[in-house]
Amino acid sequence: MIAPRLTTVARTALVQHQRRGFYSVTPGLPQVRVSFGEKVCHGIAIFCGLLAYPTWVVTHMREYRQGAK
């Protein structure tokens, strides 16, 4: 009694899962244009984020060398 109902529910869930699509990720031109100023701000943020750790290490090089002795 339970098995036929369970297989029907499982089959329905599987079909619904297969139909679900990711429509926000499509090839082609972007739907919303990002302004040049926003691109510049994001570029600066990424650039600073990438250089933060190496800059920290270089500025604290004396402490690293003294701590090793």
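- Put simply, OG1 on Thr59 and OH on Tyr64 are 8.0 Å apart, with the number rounded to the nearest 0.5 Å.
- Between atom CG of residue Leu50 and atom OG1 of residue Thr55 there is a gap of 10.5 Å, rounded to the nearest 0.5 Å.
- Met61 and Trp56 end up in the same hydrophobic cluster when Ile, Leu, Val, Met, Phe, Trp and Tyr side chains are linked at under 4.5 Å.
- How far CD of Glu38 is from CZ of Arg33: 11.0 Å, rounded to the nearest 0.5 Å.
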